[in-house]
Each structure stands twice: as C-alpha cells, then as structure tokens.
Amino acid sequence: MCMKNFLLFISFGSLISFAQPGEQQMTNTHANTPDWGYVTKSAGDSCGAYFNNYIGLEKTTSIGQEYMRTGDVVDDYYYNGRAMRFHVSQPTEVSGVEFYAYETSTLDSVMVITSLHSYLSAIDSVGPEITRDTVYVKHTAFTVVLPNISVKSYFDSPVVMTDDFIIAMHTPLNEELVIIANDYTINEGNGEYLSYALYENPAYPAWDGWYSNANDFLPSVYDYDYLMSPLVKYDLFTPFTVVDDTICPDVVNAGCVDYNQLGNFSNHMYNSQSGSATTHIRWLWGDGYQNVDITDACHTYANPGTFTIALADTIFIHDINTPYCAVNVSQPIIVLDVPVPSFTFTVDGLVTDFVNTSSNSDSVWWNFGDGSGGTDTNNPSHTFPSVATFDVWMYAYNECSVDSVMHTVNTTDAGMEEKNNEITIYPNPANAQVTISGAEQGGRIEIINILGETVLVVNADQQTEFISVSHLSTGTYFVKMTTSSGTVTKKLVIKH
C-alpha cells in the first residue's frame, strides 16, 4: 500500500495567520491576571457548553489542507474518514463538534457524517459508535479566516463520557471535500498522536479500519491534528470542606479547609494553564487575611465571631471569547467566644430556684455549697438542708474554656408553715413545754439556737411529742424535724 499517497496537502504557508489585518486573531493567550469576580458560579456549576478549541487551534501555526476522500475502491490508498481523540479526566458532556472544511465541486453542498465513539486503548483505535449527526458543507473556497469556513455539527442528544472518546467524520460521496488540519511537516501534533484515518476498501479487506496517522502511516515526525473542536460541558467546581466549622480563637491553624480540583483543571486539553493549575486559587478567610496557590489551607483566627471563608478558583478554557471560568464559593465558620457565667435565683424557705443566664456556654455545673454533690441541670431547683448561708458556684463550659461565678444564698423559714401545715408547734411562744403534732415515729427533732447550735435532740416515739423547754433561755429557736419525706424547719419562740 503506497502510504505517501494517503495525504494530499494542497496549501502550506511558512506561517499562515488565523486572521487578516484588522480582524480578531484566533490564537488564545492568557497573559492577564484573572479577574476573580468575573463570573460567580456555585459548586457543581458547569464550565460550558463551549467548543473546545485545543485540537488543534491551540497548537497550530501553519495550516494544512487535506481531501476527506482520497482514491477509489480500485486504489490502495482509498480513505474516506478522519477522526480525533480527546482525553477525559472527569465526566464530560459531549454534544457535537466544530470543524473547518470547504468543497471544490460544483454541487451546492457535500454531506458529512459526524459520529461520537468510544476509544479502544488496547489497539489505539476508534471504538463503537455512540451517536451521530449529518451536516452539509456549503463553503466553496478556502480562507485563512477560519470562522468563515466553520461547520458545526450537533448530536441529537448530549452524551456524558467518562473515558477518552473519539469524534470521527466521513463522507459517503466521492466529492472534492477539503478539511483543515495543522501542518504535519513541522510536527504540530506535539507528540500526542491524536489523529486517525479510515481505510475502507473492499479490494483490500485485510487493511480495513481506523489507523493512527502518526503511529501507523507516517514517520513519528509527521504528527498532526485535524482542527476538530468538540462541544463539551463539564462540572467546574466541587464544594470545599471546612474541617471543623466551630473552632476556638487564638488556636494556631485551627481553621482548616480541604479542596480537590476536578480533573480537567490538570488536563491540558481543557485548561490552557494546566501545568500551574493550583496557582489561581485564592482563600479569603473573612477577617482580612488570605492565602493563595494551595488547595488545602489553615488559618488562625484572633477574634471570636462568625466568618465567611470564600474560595476563588479559575480554569482557563480554550475559547477566545470567554477565556476562563472563575468560581467563587463560600462557607461559614464560627470562632467561639469565652463563656460568660451568670445566674439568678429565687429563695422560698429552704427551696431555691436557679435560672442560668450565661452566654457562650454549652453546659454548666452547679455546686450548692451544702455538700449535696451538685448537678449539671440547666435551671435547677434545690432544697437546702437548713436555714443558713450557702455559697453557690456555677461553672460555664464550652469547647474552648471554662469560667465560674458565685452568689450567696440565704435560706429562711418563710412560708414553710403554709407548705407543711400538717406539722404544728404549740404553744408558740412557749414557756415550760412545747407540743409538736404531726411528727413521724422514729423521726429526729432538733432545737437549734440562733447561733446554729443544736441545744436539744429528741427521737420521736409517736406523732405527738411533748418536749420540755423550761431549761432553755428566753429567745428565738428553730425546730428542725427530719422525716422519711424530708426535713422541715419551723420557728419557735421561748418566753419565760
């Protein structure tokens, strides 16, 4: 098979520009610093859909032209199809293809069938067809202003590809259809070997099929691409993770974030700055500080509050009209303040009701100062054992620190008679003897002076006890009765 007849290049220039003087250049450069606020996208938004011009405009300096069909069925160089391979680093939606072509026949148009295929890596060839479209080339003359001979083909339905794919085209008619490629004589394929040709000749059945141009037909120096641009759309962003969304102030590097760029950021077919993909990342911590050029970062917050962590990232696409997609996403982080303990209370006899009025705390602990052991109840009600003065401490906690406050509680016997009217003391004031009614057999009765000293103890044998107080001095005393249901304290006045 005469391989040299496979290609019919009919026009080369030492350097053919994509545009005439005064017209927009088709080359794509990204020398400017990106405007971080250029476009705002949410996590999961797509970059596209757009015609990805990496193959082969991004690496084309000199244009080559090639007939789609070469030879007839009687010739050993009978070819009627061309194809390009495209990498996939993440799920990518493919909807069509743009290519550049013109026809030299006298017909109004020439039909081209475009098709989407899987890629067979084992044999480096075109795999099964997935979908196709039919378009007609109507351009009748070549122009270096390539948009003037653009042909856009759209598949019936978009297809999401998760592995490398190939877009192919062929014409079933033996007409003079010319397609545009870059210059194979100066190796503008950059060693990627992405172009394929279809040999389909019933006279030579052993050779039927798709073949890699560079690897199968030509010396490796002749590596080139057809100027096919797939219409693609893909997710640009995933949410970043705040490692701990509630942290403490002044803890070194407590605010940490994790971010994974999607695969196309590092793929040169989709990102023209893939070699420095992470150098367009910026973290704004919400307190006036920022970090750049890293996917994972940590920050120390000096002050408490709720802050917004914002992440900006950019992918530079192969599209001269919209050269990059910039995204801004954000998440909150809470920097805790120190707890401020505070409480109020209401005394009713020996019973005291407490109300927690602390701020910035997630738990508390009470110590009532009477040896009862304490509690972590938020708003406790506590019965003290006697009429006395108690130092009550409350401790307020959060994950950052602990603080405490103390208030003095003075219990009284006010209101106890109403609550415990089943127990009576008479006469009151008493002179020589006092009668206690409603006592519990086996219960303990104590008479306590105003200094808190127990001056008399009686163990009750019956519900009514008669106790001599003639030996006690005139004054005010407290009668403390301990029963199985609790302790009751009542006031007693002795007057001789």
Side-chain angles (χ1 to χ4, degrees), residues 36 40 42-44 237-261 278 281-313 327-347 352-384 389-410:
W36 296 105
T40 299
S42 301
F237 222 75
T238 55
F240 66 89
T241 300
V242 179
V243 176
D244 188 350
D245 60 7
T246 303
I247 63 172
C248 300
D250 293 322
V251 177
V252 176
N253 291 332
C256 293
V257 289
D258 290 333
Y259 166 55
N260 294 315
Q261 284 183 326
T278 62
I281 296 173
R282 183 180 67 167
W283 297 97
L284 293 175
W285 297 104
D287 60 353
Y289 293 91
Q290 68 176 22
N291 288 101
V292 296
D293 302 348
I294 50 177
T295 55
D296 303 330
C298 291
H299 180 61
T300 303
Y301 285 90
N303 300 306
T306 299
F307 300 91
T308 298
I309 302 175
L311 170 62
D313 199 0
V327 175
N328 290 277
V329 290
S330 60
Q331 292 192 54
I333 188 170
I334 298 173
V335 184
L336 294 176
D337 205 341
V338 296
V340 180
S342 174
F343 68 89
T344 61
F345 60 93
T346 303
V347 179
T352 302
D353 295 323
F354 296 90
V355 177
N356 175 20
T357 57
S358 302
S359 58
N360 308 323
S361 64
D362 53 28
S363 61
V364 295
W365 179 261
W366 301 85
N367 184 335
F368 299 109
D370 60 356
S372 60
T375 182
D376 60 359
T377 303
N378 198 42
N379 299 306
S381 179
H382 184 69
T383 302
F384 288 93
T389 298
F390 300 92
D391 291 337
V392 177
W393 288 87
M394 189 194 74
Y395 300 85
Y397 302 84
N398 66 19
E399 64 182 74
C400 295
S401 60
V402 59
D403 202 355
S404 60
V405 65
M406 186 274 288
H407 289 299
T408 299
V409 175
N410 296 302

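Here, residue 1 is the first one in the sequence, and each next residue gets the next number. Hydrogens, waters and symmetry mates play no part in the numbers below; they use all other heavy atoms, side chains included.
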Please check this pair: side chain of S330 against backbone of I309, looking for a donor-acceptor N/O pair closer than 3.5 Å.
no
N360 side chain to V338 main-chain N or O, any donor-acceptor pair under 3.5 Å?
yes
Side chains of F343 and V364, heavy atoms from C-beta outward: is any pair under 4.5 Å?
no
Any non-hydrogen side-chain atom of V257 less than 4.5 Å from a side-chain atom of L311?
no
Pairwise side-chain contact, P249 with C400, heavy-atom cut-off 4.5 Å (strictly under)
yes
Report the residues that fulfil side chain to side chain donor-acceptor pair (under 3.5 Å) with T278, sequence neighbours left out, ordered by chain and then residue number.
none
Determine yes or no for a side-chain-to-main-chain donor-acceptor pair under 3.5 angstrom, with T346 supplying the side chain and D353 the backbone.
no
State, yes or no, whether a side-chain contact exists between F368 and F384 at a heavy-atom distance under 4.5 Å.
yes
Side-chain contact, heavy-atom cut-off 4.5 Å: V347 with V409?
yes
Flag, side chain of W366 to backbone of V392, donor-acceptor distance under 3.5 Å
no
Using the test side-chain contact (heavy atoms from CB on, under 4.5 Å), find all partners of L284 that sit at least two apart in sequence or belong to another chain.
R282, Q290, A310
Quick test of your reading: applying side chain to side chain donor-acceptor pair (under 3.5 Å), list the pairs with at least one residue in residues 295-312, sequence neighbours left out, ordered by first then second residue.
D287-H299
